[in-house]
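So the structure is just underneath, and the comments pick up after that.
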Amino acid sequence: QRIYPLTPMQEGMLLAYITNPDTEAYRMQTAFSMKALPTQEQLEKVMEVVAQHYETLRTSIIFHDVQEYRQAILDRKLPVRMVDLSNETKPEVAFLHVMEKDRKSKFDIQYDALVHLVCAKTSENSCYLSLFMHHIIVDGWCLPLINDAFLKALHHVILNAEIQPFTVKPGQYENFVRELKSKDFNASLDYWKNLLAGYSTKAIVPKDKNIPAKERSLKASHAIEIDGETVKKLQTFCKDESLTINSILEFTWGLVLQT
């Protein structure tokens with residue numbers, strides 16, 4: 001349908017694949033547990049809906065016998081595989097093995113779909129689902145959006161309800177890629193060379209062994225709740241400064257590490 005270049009980050013992930021085609025790096029899986037057992041036809045319909053909603057899920061990475069790597073949006077179906085674990089005494093453990101085998105299976109980043117689904121039957125009215133996606137077309141920011149679209153489509157299909165079309169405007173990611181490619185690469189390279197010139201200090205994050213046992217935190221995480229008004233102010237600030245909330249959080253965490 002359309003073809004356009006890769007971003008520098010995508011090129012890096014592709015290089016990792018070309019160097020080691022069997023690598024599990026950048027292979028992402030999301031697992032769901034369901035008290036229902038959809039048919040393969042229903043799940044194929046769900047994947048069709050999601051793939052129409054997010055066209056980048058139908059991407060193929062083109063690198064065989066080409067001078068410059070490209071990515072193409074194809075009119076392709078996203079595969080669904082059915083597995084029967086209903087006779088397993090420990091279906092959850094068996095499902096983890098299914099996921100591991102799927103993650104380690106032979107995978108051609110050009111010819112195989114970068115997104116597929118595995119449904120593992122655990123009884124006549126329950127199953128596990130594993131949604132596989134390659135990081136070269138999906139990141140942590142869009143993962144919740146894709147999962148949400150997947151679950152909504154699944155809900156409608158199981159209930160045999162009408163699915164309202166919710167297609168994202170095509171070409172948005174392509175526009176971003178082409179804008180990125182229009183930048184002066186050498187100017188960007190010179191900027192970072194000059195900025196980091198003479199910098200030799202290693203940025204080391206403290207480890208537990210460097211911290212006295214009595215000073216170590218007993219909890220692995222700490223939750224901080226931010227009120228809605230503050231979040232709105234942060235969103236407005238980020239929009240005005242062409243930043244993301246993640247940029248603010250990373251900056252804040254950097255200040256914490258310096259204390």
Side-chain angles (χ1 to χ4, degrees), residues 2 4-17 25-31 50-59 61 69 71 73 114-115 131-153 166-196 199 201-206 219-259:
R2 293 198 317 283
Y4 49 95
L6 301 179
T7 67
M9 183 173 291
Q10 287 178 308
E11 289 174 347
M13 293 182 189
L14 177 58
L15 178 61
Y17 170 82
Y26 307 121
R27 300 187 185 191
M28 305 164 59
Q29 292 170 300
T30 304
V50 176
Q52 290 300 320
H53 181 44
Y54 291 115
E55 64 174 10
T56 52
L57 300 183
R58 293 182 277 115
T59 298
I61 305 299
Y69 303 143
Q71 55 189 319
I73 305 296
L114 300 180
V115 179
L131 185 59
F132 173 99
M133 290 178 277
H134 199 284
H135 193 18
I136 201 167
I137 58 167
V138 175
D139 64 11
W141 285 102
C142 61
L143 191 59
L145 300 176
I146 295 170
N147 288 340
D148 183 61
F150 172 78
L151 292 174
K152 284 181 178 178
F166 54 127
T167 303
V168 173
K169 183 179 179 181
Q172 292 192 70
Y173 184 65
E174 178 185 356
N175 292 340
F176 162 73
V177 173
R178 294 195 181 282
E179 181 180 354
L180 195 63
K181 286 292 184 179
S182 69
K183 306 292 184 182
D184 188 331
F185 176 79
N186 291 326
S188 299
L189 195 60
D190 290 341
Y191 169 81
W192 287 106
K193 282 183 177 179
N194 294 332
L195 183 66
L196 299 176
Y199 181 84
T201 304
K202 291 184 178 181
I204 301 176
V205 178
K219 293 184 178 180
S221 62
H222 181 70
I224 300 175
E225 185 173 341
I226 304 176
D227 63 272
E229 187 61 30
T230 301
V231 172
K232 288 181 180 178
K233 290 180 180 178
L234 283 172
Q235 290 174 334
T236 300
F237 175 78
C238 289
K239 184 177 180 180
D240 292 342
E241 301 297 329
S242 299
L243 299 171
T244 64
I245 294 290
N246 183 62
S247 301
I248 300 298
L249 293 176
E250 289 184 355
F251 173 74
T252 305
W253 181 239
L255 293 177
V256 172
L257 293 178
Q258 291 181 37
T259 60

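Here the structure is a predicted model, which is why all the values come from computation and not from measurement. Computation of the quantities below employed the complete heavy-atom set of this structure, encompassing side-chain atoms and omitting hydrogens, waters and symmetry-equivalent molecules.
- Not one N or O on the side chain of D148 forms a donor-acceptor pair closer than 3.5 Å with the backbone of P144.
- Looking only at side-chain heavy atoms (C-beta outward), R27 and H135 stay at 4.5 Å or farther from each other.
- Taking CG from D139 and CE from M133, the interatomic distance works out to 10.5 Å, rounded to the nearest 0.5 Å.
- Remark: side-chain polar atoms of D190 are not paired, donor with acceptor, to backbone N or O of K193 under 3.5 angstrom.
- Between T30 and I146 the shortest side-chain heavy-atom distance does not fall below 4.5 Å.
- The closest side-chain heavy-atom distance from Y54 to L145 is below 4.5 Å.
- R2 contributes no side-chain N or O that, together with a main-chain N or O of I73, makes up a donor-acceptor pair within less than 3.5 Å.
- Considering only heavy atoms from C-beta on, F132 stays 4.5 Å or farther from V115 through its side chain.
- When all heavy atoms of L114 and T59 are compared, the closest pair comes out as CD1-O, 3.4 Å.
- Separating the CG atom in L131 from the CG atom in L143 is a distance of 8.0 Å, to the nearest 0.5 Å.
- E241 contributes no side-chain N or O that, together with a main-chain N or O of C238, makes up a donor-acceptor pair within less than 3.5 Å.
- Shortest non-hydrogen contact noted between L57 and V50 is CD1-CG1, 3.6 Å.
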Trace of the side chain to side chain contact (heavy atoms under 4.5 Å, CB included) decision for L15 with Y17
CA-CA 5 Å; L15 178 61; Y17 170 82; over 6 Å; no
Under 3.5 Å donor-acceptor pairs involving side-chain atoms of residues 228-235, not counting sequence neighbours:
unit_1 : atom_1 : unit_2 : atom_2 : d
T230   : OG1    : D227   : OD1    : 2.8
T230   : OG1    : D227   : OD2    : 3.1

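- Under the 4.5 Å side-chain criterion, counting only non-hydrogen atoms from C-beta, Y173 is in contact with T7.
- Checked by atom type and distance alone, the side chain of K152 never pairs as donor or acceptor with a backbone atom of N147 at under 3.5 Å.
- A 4.5 Å side-chain heavy-atom check between R58 and Q52 finds at least one atom pair inside the cut-off.
- Contact annotation: the side chain of I136 never approaches that of Y26 to less than 4.5 Å [non-hydrogen atoms, C-beta and beyond].
- Checked by atom type and distance alone, the side chain of E55 never pairs as donor or acceptor with a backbone atom of P170 at under 3.5 Å.
- Looking at residues two or more places apart in sequence or on another chain, you find a side-chain contact (heavy atoms from CB on, under 4.5 Å) between R178 and Y4, P5, E174.
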Identify all side-chain donor-acceptor contacts of residues 246-256 below 3.5 Å with residues at least two apart in sequence or on another chain.
unit_1 : atom_1 : unit_2 : atom_2 : d
N246   : ND2    : E250   : OE2    : 3.1
S247   : OG     : T244   : OG1    : 3.0
T252   : OG1    : I248   : O      : 2.8

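- At a threshold of 4.5 Å between non-hydrogen side-chain atoms, the residues M28 and V138 count as touching.
- Scanning both residues, Q71 and V177, for their nearest heavy atoms gives NE2-CG2, 4.1 Å.
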